[in-house]
Every structure is written in structure tokens, then in C-alpha cells.
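Before any comments, here is the structure.
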Amino acid sequence: MSDMSWKDLRGLDCAAVRDVGEQWKHYVAKMAEQSERLRTDVIDGHLSADNYESDTADLVREQIDLFTGRFEDDLSDYADIRVATTLVDAADALEAEQKELTEVVGLIEEHDFEIEGGPREYEVNPTGHLHRAIWLHLDPPQWLCDRAGVDKPSAWYDVLDQAEVLAHLTCLYDSANELCGQYQDWLRAIMSRAHDADDDAAAVLAAMREHPPELPPQFGATYDDLIDDYKDRLSEEVASEMEAIANGESDMSPEQVNEWWESLSDAEREALIAEHPEWVGPTDGIPVEARDTANREVLDDRIGDLDTRIASIEAQLATLNGDPNAAGMYGQSGADPDELRAELEELRADRDGLAALQDRITDDNGDPAVYGQTDQQYYLMDFGTEDSGQAVVAIGNPDTAENVNAYVPGTTADLQGAAGGLMNRTETMAYDAWRREDAGEETATVLWMGYDAPDTIFPEATQTKWAEDAADDLESFTQGVRATAEGDPSNLTLTGHSYGTTVIGEAAATEGVDADNVVFVASPGVTVSTADALGVGDEHVYATTNSLDPIALTPDFLLGENPNEEAFGGSTFHSDHGSWFTNNHSTYWDETNMAGRNSMAEIVTG
Amino acid sequence: MSGADVFTMDPGEVHKSVETLFDVESEVEAQTGTLAEATGSLAQGLTDSSAALGPALAEAADWWKTLRAGGFAGLCGNTGEYLAVCAEEAVEVDDYNAGDFASYADHDRYPGRDNEHASARPDW
């Protein structure tokens with residue numbers, strides 16, 4: 001586990017990390033030349049059938065081909081994708097945090113604050129020197145007087161202004177502490193993301209040693225006994241790797257997954273989609289077209305499985321003592337009717353949710369549906385029925401679009417919503433972007449409901465645990481969009497609504513999100529007190545809340561600072577409310593708020 | 001067409017294959033050693049900075065050097081020695097062990113691969 005202190009991070013030689021990563025890439029190229037020598041100079045050259053022909057000759061040529069192939073795969077899978085890419089990516093990630101750290105530490109020192117505490121719980125407080133300047137000398141620094149709206153005493157005998165300082169001590173301290181709090185949040189976010197990058201890199205390197213494929217056996221007494229087993233395992237290797245990636249055992253980043261996917265042959269990729277769509281479908285780093293094909297297959301199967309299970313339980317209930325409504329009675333199977341009914345209800349809800357999702361993204365011929373307003377296809381990037389259900393659906397292909405806007409919904413988001421109202425909002429955003437696009441430009445709009453959203457406003461939506469659980473997956477999603485992009489990276493915006501803004505804030509501050517802009521709509525708080533802590537640059541942080549939305553009443557101590565406040569440091573834009581009689585927390589994508597919708601579309605389309 | 005009844009060999013060409021195999025083995029070992037050294041140095045610096053990447057990188061580099069690149073280099077060497085025995089005996093070799101190479105090793109042809117080198121192999 002990463003234990004870097006802020007001083008460790010500040011002194012880290014990121015260039016050296018990148019340099020060694022590049023050395024590994026260079027090494028891979030040099031080693032590939034050696035393997036090529038074996039193929040060209042040995043197998044097809046000196047040891048060709050023209051020079052050596054016999055059973056033994058065939059055996060040796062096959063052996064050289066086997067271990068050369070193994071080495072080439074090792075070079076790609078380990079030396080290049082794991083080690084080299086990990087080092088270069090870690091250098092980039094740590095360097096970005098190091099740059100921000102230099103900035104915030106400079107500000108902390110400039111304001112006469114100091115950093116206290118350990119690597120994961122840093123505190124920023126006024127120094128003793130600043131305390132004395134305020135308390136003892138009644139001569140706070142100019143920046144603090146400006147911040148608190150107090151005239152700075154011009155000299156030691158300026159008793160009038162000193163009296164004003166004395167009268168405003170609380171105000172001065174509140175002002176200093178507010179700034180300390182913002183720098184503290186910023187510092188903690190930097191260190192959290194740096195630790196996350198460090199831990200992720202270490203995990204990839206540790207995981208690659210866990211279950212590596214075996215090397216071919218050497219010639220010798222046991223060769224004949226071992227070689228057939230080796231060949232058998234070789235044929236299953238790609239599927240095993242895919243399984244380890246899908247289960248998270250490989251710890252590879254989406255970029256590394258993409259490199260691995262691209263290293264496969266067309267036949268290997270097609271076989272994986274056909275034989276293991278359940279692994280291909282949800283994996284960030286695999287191109288969206290492949291994921292869509294795999295997920296639609298799995299969705300079909302899942303609905304079929306649920307139908308079978310529902311029919312089975314209905315049959316059990318029908319035969320239980322001849323009375324399907326009997327409660328607390330036990331039939332021959334020993335099943336409890338109450339438990340069966342509860343299970344049936346859950347299965348039906350899952351089934352209905354998935355069927356509704358399938359209907360929404362499939363046309364009458366069973367092909368992927370197209371959203372008529374923008375003429376863009378729906379892509380199913382992920383789905384699930386765990387807890388409230390998950391769905392990640394894109395309108396337009398994020399791999400080829402110039403702009404990508406991912407909408408993160410909030411409290412009560414579920415599968416039915418994903419197929420209904422939440423998808424309506426996603427479509428509205430797709431339409432709004434389409435209206436503003438330049439010719440030849442495309443925006444893919446994604447409903448990212450890849451997390452278990454709170455089911456209730458109170459108490460669930462007042463807790464950060466749902467956002468904490470979602471953070472890693474949202475980080476991975478943004479990295480996946482980057483990894484599979486064809487051509488230049490897209491302009492990627494994360495748009496959160498309500499608790500969805502808390503999810504984005506938590507992910508950005510703790511894990512880091514690879515986004516260009518974040519938009520907070522109707523936010524109850526984003527877990528941090530300053531836009532700087534989000535790691536995307538405060539000029540790329542936007543917020544809006546209409547004047548009749550009760551979310552504005554959420555106290556800061558629950559989910560963090562309201563990003564609409566000036567002190568937060570982002571930009572805000574206006575949203576119109578709907579009628580007085582509607583729920584104005586949910587009118588942001590209605591026609592009554594064209595001002596807000598146009599602002600969002602402007603951000604999304606750059 | 002190969003098969004039990006077919007046996008043709010140009011021992012000189014086979015010996016050239018052996019030389020290539022030994023040369024690849026040596027190149028891989030040398031370049032991997034250099035890389036592992038540079039990586040180990042970086043890993044130590046990272047460890048000193050309390051980065052989790054430091055120890056993980058050190059172990060990964062050692063694993064790569066010893067087991068993966070090292071394993072490949074070992075297979076080049078083993079196959080080369082086997083081929084060298086085939087070339088010396090000029091018949092089909094069914095029961096091979098590394099000791100066979102030691103007894104046939106031609107120091108002029110394969111400088112540096114002496115008996116001690118062969119006897120260090122696991123199936124000696």
C-alpha cells in the first residue's frame with residue numbers, strides 16, 4: 001500500500017520512472033528482433049527442411065516455434081503491456097499530481113499555513129506566526145484583511161484599524177480556516193489520487209506474477225510427457241486471460257486491457273465475443289462495438305434465464321399443498337411459500353427491468369435501435385441486476401465521437417428508470433448536443449448508471465457510501481473511453497444530477513477521473529470544498545441549480561460544499577425552474593429550462 | 001516428406017542453427033540483465049519514497065529476468081545443445097540429456113559452453 005507523504009511525492013523523479021518505462025519498450029523491440037532471428041535464420045533458414053529432414057527435425061522446429069511464440073506473447077503481455085505501460089502511465093499520473101501539489105503547497109506556504117498529520121489525513125492549519133500576527137499584533141496579512149473585508153493597520157500606532165481587527169477576530173479566523181479547509185481538501189484529493197495511481201501500478205505488477213502461463217518443457221527425459229499438456233493449455237490461454245481481466249484479477253488498467261485486446265487476432269477476438277460474451281461485455285478498455293454485441297447476447301440469455309426461473313417458482317407455488325396462496329406452509333420441496341413469493345417478486349422486477357431496457361435499445365427487427373432525433377445507434381456498454389440494477393447505454397459510439405457526455409443519475413435510479421425517464425434525459429442531452437454540433441462532428445451521450453444508486457433520500461442519499469462504492473467504476477469508465485477512442489481523444493464531459501454529482505465529486509477527488517469537464521446539476525454537495533480538488537482544473541467545473549429546487553437547502557456537512565457557491569471556485573450557469581407546482585428538482589431537461597440545456601450542450605460540444 | 005524412414009541432415013547448417021540459438025540466448029541474457037539493473041535502481045528509489053510501486057517493480061523485474069526472459073534463454077540453450085548432439089551423432093536422438101552435449105561440445109565451435117556449463121542444467 002502506498003505510504004508516500006506529500007514530501008515524497010514532491011521529490012519523486014517521475015522522469016526517471018518514465019525513462020525506465022521507455023527502456024522497457026525499447027527492450028521489447030530489441031527482443032522481438034531476437035525472436036525474429038529464430039524464425040528467419042533458424043526455422044526457415046539453417047534448420048529448414050532443405051537442411052534437416054526427420055522426425056527429430058520436425059520436433060525441434062516445432063519446439064523453437066513454441067517457445068519463440070511464448071516469448072513473443074510474454075514480451076507483449078508482460079514486458080510491454082504490464083511493465084512498460086504501467087511505468088509510463090504511473091509517471092504521467094504521478095507527475096500530474098506532483099504539479100498540482102507544487103501549486104497547493106506554494107499557496108499554503110504563501111498564506112502562512114502549515115501541513116500537519118499523516119499521509120492520508122493531512123490537515124492544513126495557520127502557522128504560529130500567523131496566529132501571532134492576528135492575535136498578538138492585531139496585524140493580519142493583507143490577503144486575510146481583503147478576504148475578511150477588514151482594513152489592514154498601516155502601522156503599529158494605527159489603533160483605529162487595530163480596534164477593527166480586534167472586533168473582527170472571529171471573522172478573520174473563519175476566513176483563514178475556510179481557506180485552510182479548501183487547501184486541505186485539495187491536498188487530500190491530490191494525495192488520494194497519487195496513492196491510488198501508485199497502488200494501481202503496484203497491483204498490476206504483482207498480479208502478473210500470480211498465474212502466468214507455463215513455458216514449454218525443455219528437451220530431456222520428461223519432454224514427451226509434458227509437451228501435449230502444454231499445447232492443450234495454450235489453446236485455452238486467451239480465454240483464461242480474458243476471464244482474469246473480467247474478474248479484476250489481472251488489475252490491468254483499461255488502457256492495458258485495450259493493448260491486450262488489440263494484440264489478439266481477429267479470430268481470437270471473435271471467439272471471445274461468441275464464447276464468453278459475459279466477460280467481454282462489461283470490460284472497460286474493449287471497444288464499444290464489441291461490448292455492445294456481447295452485452296446484447298448476454299441480455300437475451302439473462303432474460304431467458306429469468307423467465308425459466310420465474311416459471312419454475314410459479315409452478316412450485318401452484319403445487320404447494322394445492323394452495324398457492326398458503327403462507328407458512330411447506331410443500332414436498334420443503335420450500336416456504338413466503339420466501340418463494342418474495343423471490344418471485346424480485347425476479348419479476350429484474351426481468352421487467354431488463355426487458356424494458358432491451359425494448360428501448362432494440363428495433364422491431366431485433367437489431368440495435370437508432371435514436372431518431374439524431375440518427376444515432378444505442379450501444380449497450382454494461383448492465384446488471386444487482387441491488388437497484390445497473391445500465392450503461394450510449395447514444396452514438398463513444399469510440400468514434402468527437403465529444404462524449406456521460407450522464408450520472410442520482411437517487412432512486414434503477415433499471416426501469418434506465419429504460420424510461422433517465423433515458424429520456426439522455427436522449428434530450430443527445431438532441432441538445434446534436435443541435436449545436438458543427439458539421440461532421442458527433443457527440444455520444446452515455447447514460448452511466450454503473451453504480452448502485454441510493455433508494456431513498458433519507459437516510460441513504462445523505463451518506464457518501466454509495467458514491468464511494470461507485471468511484472472506482474466511474475474512474476475506470478473514463479479511462480475506458482480514453483483507451484478505446486479512435487483518433488484524437490474526445491472532449492469528455494461528466495454530467496451529474498443530484499446524488500450523481502456526489503458520485504462524480506467523490507470519484508474525481510479520490511480516484512481521479514479522466515474527464516475534460518464536470519457539470520453538477522442540482523447538487524447536494526460533491527464531497528470537497530473547492531473545485532481545485534477535482535483534478536480537472538477549476539475552469540472546467542460547472543454547476544447549476546434552479547431557484548425553486550429544494551436541493552439548495554442541503555447542509556454542507558452532509559455531502560460537502562455546494563458547488564454553486566462562489567467560494568467553491570467553479571463556474572455557474574443559470575437554469576430556469578418549472579411551474580411552482582412541479583418538482584423543480586427534476587425539471588432541468590424540460591422545455592422550461594432551455595437556458596440551462598443550451599449551456600450544458602455548449603459545454604459538452606466544446 | 002518427413003517420417004520414420006526419412007533422414008537427411010546437413011550437419012554444418014544444423015551447427016549454424018545451434019550457434020544462432022546460443023547467440024540469442026546470450027543476447028537475451030545480457031540485455032535483460034542491463035534492463036533489470038536499471039529497473040532495480042529505479043525500484044530502490046521508489047521504495048525509499050514509500051511508493052508501493054517500488055517493491056512491486058523490483059519483484060516484477062526479478063521475476064521477468066529469472067523466469068520469463070530467463071526461461072526463454074534457457075530454452076534457447078537447451079534446444080541448441082540438443083541440436084548440437086543431433087548434428088554430432090547424425091542420427092535421430094530419442095533419449096537426450098544435457099550430459100550428452102557436454103561430451104560432444106566442441107570448444108572451438110561453441111566457445112564458453114564447456115562441461116561445467118552443461119552440467120549446471122537441471123536434466124544433467
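Just so we're on the same page: letters track the sequence lines, and every chain starts at 1.
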Is it true that A:R37 and B:D23 make a salt bridge, defined as a side-chain N closer than 4.0 Å to a carboxylate O? yes
In Å and rounded to the nearest 0.5 Å, what is the [atom1] to [atom2] distance from [X] to [Y]?
{"X": "A:D3", "Y": "B:T47", "atom1": "CG", "atom2": "OG1", "answer": "12.0 Å"}
{"X": "A:K30", "Y": "B:L35", "atom1": "NZ", "atom2": "CG", "answer": "13.5 Å"}
{"X": "A:H195", "Y": "B:S50", "atom1": "NE2", "atom2": "OG", "answer": "8.5 Å"}
{"X": "B:T20", "Y": "A:I64", "atom1": "OG1", "atom2": "CD1", "answer": "9.5 Å"}
{"X": "B:M9", "Y": "A:T56", "atom1": "CE", "atom2": "OG1", "answer": "8.0 Å"}
{"X": "B:H15", "Y": "A:N51", "atom1": "NE2", "atom2": "CG", "answer": "13.0 Å"}

Can you say whether [X] sits under 4.5 Å from chain B via the side chain, the backbone, both, or neither, judging by heavy atoms?
{"X": "A:Y27", "value": "side chain"}
{"X": "A:M31", "value": "side chain"}
{"X": "A:A194", "value": "neither"}
{"X": "A:Q34", "value": "both"}
{"X": "A:R70", "value": "side chain"}

Taking B:N78 for its side chain and A:F219 for its backbone only, find out whether a donor-acceptor pair lies under 3.5 Å. yes
Taking all heavy atoms of [X] and all of [Y], pick out the closest pair and write down the distance.
{"X": "B:S49", "Y": "A:M4", "answer": "O-CG, 3.2 Å"}
{"X": "A:D198", "Y": "B:A51", "answer": "OD2-CA, 3.2 Å"}
{"X": "A:L215", "Y": "B:G71", "answer": "CD1-CA, 3.4 Å"}
{"X": "A:L59", "Y": "B:Y82", "answer": "CD2-OH, 4.5 Å"}

Using 30° and 60° as the class boundaries, would you call the ring planes of B:W63 and A:Y78 parallel, tilted or perpendicular? perpendicular
Close side-chain approach of [X] and [Y], heavy atoms under 4.5 Å:
{"X": "A:Y52", "Y": "B:S17", "result": "no"}
{"X": "A:H46", "Y": "B:D10", "result": "no"}
{"X": "A:D50", "Y": "B:T8", "result": "no"}

In sequence, state the C-alpha distance, the side-chain angles, and the governing distance for A:L47 and B:L83, and then conclude on side-chain contact (heavy atoms from CB on, under 4.5 Å). CA-CA 10 Å; A:L47 205 65; B:L83 264 185; 3.8 Å; yes
Contacts with chain B made by residues 85-92 of chain A (heavy-atom distance under 4.5 Å), listed by residue number: A:L87, A:A90
For chain A, which residues of residues 36-43 of chain B have heavy atoms nearer than 4.5 angstrom: B:A38, B:T39, B:L42
Dump the intermediate steps for side-chain contact (heavy atoms from CB on, under 4.5 Å) on B:W64 and A:D74, then the final yes or no. CA-CA 9 Å; B:W64 174 261; A:D74 278 3; 3.8 Å; yes
